[in-house]
Amino acid sequence: MAKALRSTRVLTPDGFAAATVVVEEERIAAVQAWDDVPAGAGLHDFGDLVILPGLVDTHVHINEPGRTEWEGFDTATRAAAAGGVTTLVDMPLNCVPETIDVAALEAKRAAANGKAWVDWAAWGGVVRGNADAIEPLVSAGVPGFKCFLIHSGIDGFAWVGEADLRLALKKLQASELPLLVHAEVAGPVDEATRTLNAAHSDWRKYSTYLASRPDAAEIEAISMLIRLTEEFETPIHIVHLASAEALPLLVEARGRGLPITVETCVQYLWFAAEQIPDGATEYKCAPPIRDAANREALWNALERGMIDMVTTDHSPCPPEKKRREEGRWDLAWGGIASLGLALPVLWTAMRRRGVGLERVGEWMAEEPAKLADLAGQKGVIDAGADADLVVFDPDVEWKVTADDLHFRHKISPYLGATLHGRVRETWLRGDLIFRDGKFDGAPRGREQVRA
Ligand SMILES: [Zn+2]
């Protein structure tokens, strides 16, 4: 039987409208007038609540198989569902084996089986020496690849220099799949760290950590990536841009038509270095959260379309890895846990800035779906797309407690934050999977394998 979900505020490709979304099987059959409910369809009327497309988060570290005690498919995808994220793309490191060949991809598929509450895909990894694994991974259906230009924190996921990048980009040219790059190079970081250590700087201070990862590391990396994009004419995606100082370079390159896309993360748009307490390693991520003026510049760039999308870079670890009692930024594991909170966090900030909620559709659904080769199928409320829908109350105010976190370890710099807007229901391919804090049914997420 067809279902009809309607409200006075449905986010369609043309903006908010009173509409009825007709769902047949797993897909959206039509988006039509609010009072045009097909005879016999089961009606779910959400009044004045907002209906958004299911969000797509292309930057999540699930860690399973191999480090499931850090985070796994069950807990990560529950957190996603609770936050209105119906598709996530897993990063190829932190799991064991790292997703750097087809055997590892198969191990991931086996690990995910029956545990995913939302749809997912896996990025392949580009590391030193695995150029020959790239084409088989393309054939196995990954939507693209991720690499590091600096130590990743995971010894099994070796960073690549320009020579390795050239090998990988040559292999990627024919596929036209994007290479996602952690854009920091080691030179400026090593140099800054040596200087800080020589001066006996206090590693409990956030200012020491921030100084150890200067803007120059991002700028140098991005300059090289622009040069390689131009040479190889194959798409490159900058993950978690943190330095607004790199924006002029990117604007200029994109202005010349180079296929470079850019994401930033919720933490860079929400926090500022000035507010981060010394020793509070739950805020540690790389690149680091920079100052308030930098945050303002990132917002301006996002609003003006110079940054395409917003992801979480959800990357949790067991509490002991944060070494909170020592509070040393150089020794703590880097990564912020936030899956499930991105929508209310971003919306709270947007509301303060006077930015309309409709842009969430672009930044957190449509653009990331495009990156993951899921345009038209995910991240949009339109005929033919998967019926992934989020019922969102944009006006309710609430405070984040550990009970609201569905990922494995209840550690997050967002604990205690007062937010606006809350996900009431999440629907995956036409089925309710989450309502008012509770999960419905069994995990029925599927891998999205590129055709
Ligand atoms: Zn990451």
Side-chain angles (χ1 to χ4, degrees), residues 56-64 66-67 70-73 76 79-80 85 87-96 98-100 108 120-127 142-160 178-186 189 213 217-218 221-222 225 236-243 261-271 281-290 298 307-317 321-322 332-342 364 368 371-372 407-409 411-413:
V56 179
D57 189 344
T58 51
H59 197 149
V60 178
H61 297 264
I62 297 181
N63 298 359
E64 186 171 2
R67 280 195 188 85
W70 292 33
E71 181 68 297
F73 274 95
V85 176
T87 307
L88 44 81
V89 191
D90 176 50
M91 282 298 172
L93 63 162
N94 303 26
C95 48
V96 186
E98 294 81 7
T99 321
I100 53 174
K108 184 164 287 288
W120 65 280
W123 298 118
V126 165
V127 296
V142 301
F145 291 81
K146 162 80 179 289
C147 70
F148 277 72
L149 305 180
I150 191 169
H151 194 271
S152 68
I154 300 284
D155 291 333
F157 201 89
W159 60 274
V160 292
L179 179 63
L180 286 68
V181 187
H182 178 122
E184 283 182 296
V185 290
V189 174
R213 300 197 82 119
E218 288 188 70
I222 287 168
L225 293 168
I236 285 189
H237 175 77
I238 311 292
V239 297
H240 53 45
L241 178 77
S243 171
T261 49
V262 185
E263 82 183 32
T264 190
C265 300
V266 187
Q267 56 267 31
Y268 304 121
L269 297 167
W270 181 256
F271 299 114
T281 50
E282 63 273 23
Y283 291 82
K284 181 176 176 183
C285 58
I289 294 162
R290 305 189 187 279
L298 289 177
I307 294 173
D308 304 287
M309 65 192 82
V310 181
T311 64
T312 60
D313 192 8
H314 172 72
S315 187
C317 66
K321 291 265 169 203
K322 283 291 184 186
W333 177 261
I336 288 182
S338 65
L339 197 54
L341 298 172
M364 300 178 82
L371 179 68
F407 41 80
R408 182 171 293 268
H409 300 289
I411 304 166
S412 172

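Ligands are counted one by one from 1 in listed order, and the atoms in each one are counted from 1 as well.
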Examine the side chains of Thr261 and Asp308 and answer whether a donor and an acceptor come within less than 3.5 Å of each other.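 No, Asp308 and Thr261 have no side-chain donor paired with an acceptor closer than 3.5 Å.
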Any donor-acceptor pair under 3.5 Å linking the side-chain atoms of His237 with those of Glu263?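 Note: Glu263 and His237 side chains meet the donor-acceptor criterion.
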Metal site the Zn ion (ligand 1): N/O/S of His182 inside 2.8 Å: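 No.
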Please determine whether His59 has a backbone or side-chain N, O or S atom lying under 2.8 Å from the Zn ion (ligand 1).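 Of the N, O and S atoms in His59, at least one lies under 2.8 Å from the Zn ion (ligand 1), which means yes.
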Testing the basics here: between Ile154 and His151, what is the closest heavy-atom pair and its distance to 0.1 Å?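 Where Ile154 meets His151 most closely, the heavy atoms are N-CE1, 3.9 Å.
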Tell me whether Asp90 contacts the main-chain N or O of Ile62 through its side chain, where contact means a donor paired with an acceptor under 3.5 Å.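 Yes: the side chain of Asp90 pairs with the backbone of Ile62.
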N/O/S atom name from Asp313 that is nearest to the position of the Zn ion (ligand 1):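 Nearest N/O/S atom of Asp313: OD1.
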